[in-house]
Number of protein chains: 2
Amino acid sequence: MKKIEHIGIAVKSLKASVPLFEKLLNSRCYKTESVENEQVKTAFFQTGETKIELLESIQKDGIIAKFVEKKGEGMHHIAFAVENIQNEMERLVQDGFTLLNEKPSKGADNKLVCFLHPKTTNGILIELCQEIASSE
Amino acid sequence: MKKIEHIGIAVKSLKASVPLFEKLLNSRCYKTESVENEQVKTAFFQTGETKIELLESIQKDGIIAKFVEKKGEGMHHIAFAVENIQNEMERLVQDGFTLLNEKPSKGADNKLVCFLHPKTTNGILIELCQEIASSE
């Protein structure tokens, strides 16, 4: 794991939360992006080498909508940048962790991503992400 | 906010969770420390410029024990490094955030710390921390 790439935060509404985080972090949201296969709209902030990613569901029964309904708004996942996602997935499975997707999928912000099951990681949803090379 | 200084993770037992995070992060825990006024034992990992801080309660009715009882193990707070904690506290109060302590207190890892009320920060417990200069 090279660094914490981002922290994912579930919110009800980007419209309400983007100005809130701009005040909190004292910096501007630099990008918004929809990720259709994860049913979310995202908004990004930079703080040091790590991003804060706000997540709003674009479907009433989407994963983030269900999370907010059950647990309220708040921290949703921690994403670690990795050099080679396939190697890291294999290492983690050998070390007893359970993956939520067997193959890396396309996530927000031009990344290949894979999630680990929170039951094997002290209740924390962990994401691995590898930057997709611009030539791909 | 300069960077994410650490992410605080509530666990039941450092004895169980330290080896788990050593496998997950593929790096060794480099320090453990007890913080009496917060009723916790802590264990630290470095990943890039950010630390992962595991927190185990040393009291049955401590804040972390209650958190784990109510919500289970998992992410507890995000700590941001700040240059001048007093100035940042004043700025945030002016911007409508609520502080949990009026004056900075002594936290783990040689820091002055202050927490923001989660009700004003989208449900997230936010910590500000400023390194204590070695001459103090």
Side-chain angles (χ1 to χ4, degrees), chain A residues 1-14 16-27 45-52 54-55 67-68 70-82 87-88 91-92 94-97 116 118-126 128, chain B residues 1-14 16-27 45-52 54-56 67-68 70-78 80-82 87-88 91-92 94-97 116 118-126 128:
Chain A
M1 308 282 195
K2 291 195 296 180
K3 63 169 184 177
I4 297 177
E5 211 283 328
H6 66 266
I7 300 176
I9 292 173
V11 303
K12 287 180 190 166
S13 149
L14 289 186
S17 292
V18 166
L20 179 79
F21 277 82
E22 287 187 334
K23 283 196 288 184
L24 176 64
L25 301 172
N26 206 11
S27 76
F45 298 80
Q46 191 75 43
T47 167
E49 68 182 16
T50 296
K51 296 164 192 140
I52 300 284
L54 304 185
L55 301 149
F67 178 91
V68 169
K70 194 175 163 192
K71 302 191 176 183
E73 295 181 299
M75 286 182 275
H76 180 261
H77 66 268
I78 305 176
F80 292 92
V82 298
N87 290 356
E88 204 59 358
R91 180 187 74 76
L92 289 163
Q94 280 175 359
D95 271 343
F97 296 94
L116 306 188
K119 282 190 187 170
T120 58
T121 55
N122 256 163
I124 304 157
L125 183 60
I126 301 282
L128 311 177
Chain B
M1 310 282 195
K2 291 194 297 182
K3 63 171 185 175
I4 297 176
E5 211 282 329
H6 67 266
I7 300 175
I9 293 174
V11 303
K12 287 180 188 166
S13 149
L14 288 186
S17 292
V18 166
L20 179 78
F21 277 82
E22 288 187 332
K23 283 196 289 185
L24 176 64
L25 301 172
N26 207 12
S27 76
F45 298 81
Q46 191 75 42
T47 166
E49 68 182 15
T50 295
K51 296 164 192 141
I52 301 284
L54 304 185
L55 301 149
E56 177 194 332
F67 178 91
V68 169
K70 195 175 163 189
K71 302 191 175 183
E73 296 180 300
M75 286 182 273
H76 181 261
H77 66 268
I78 305 176
F80 292 93
V82 298
N87 289 355
E88 204 58 359
R91 180 187 73 77
L92 289 163
Q94 280 176 359
D95 271 342
F97 296 94
L116 305 187
K119 283 189 186 170
T120 58
T121 55
N122 257 160
I124 304 158
L125 183 59
I126 300 283
L128 310 176

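Below, chains carry the letters A, B, ... as their sequence lines are ordered, and counting in each starts from 1. Source: prediction; values computed, not measured.
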Are side-chain heavy atoms of D95(B) and N26(A) found at a separation under 4.5 Å? no
Nearest 0.5 Å, please: how far is OG1 in T121(B) from CD1 in I9(A)? 9.0 Å
Interatomic distance, CG@L25(B) vs CD1@I126(A), rounded to 0.5 Å, equals 7.5 Å
Under 4.5 Å from a heavy atom of chain A, the part of [X] involved:
| X | value |
| --- | --- |
| L116(B) | side chain |
| L24(B) | both |
| S27(B) | neither |

Heavy-atom contact with chain B under 4.5 Å, split by part of L54(A): neither
In terms of heavy-atom contacts, does NZ of K3(A) have more than 12 from other residues, nucleotides or ligands at under 6.0 Å? yes
Evaluate whether atom NZ of K2(B) has more than 12 neighbouring non-hydrogen atoms of other residues, nucleotides or ligands under 6.0 angstrom away. yes
Might you point out which heavy atoms bring K23(B) and R91(A) nearest each other, and give the distance in Å? O-NH1, 2.7 Å
Relative to chain B, which of [options] shows the most heavy atom pairs under 4.5 Å?
| options | answer |
| --- | --- |
| T47(A), N122(A), T120(A) | N122(A) |
| L20(A), T50(A), V11(A) | L20(A) |
| L92(A), I78(A), I52(A) | I78(A) |

Could you check whether any side-chain N or O of E49(B) sits under 3.5 Å from a backbone N or O of E49(A), counting only pairs where one atom can act as donor and the other as acceptor? yes
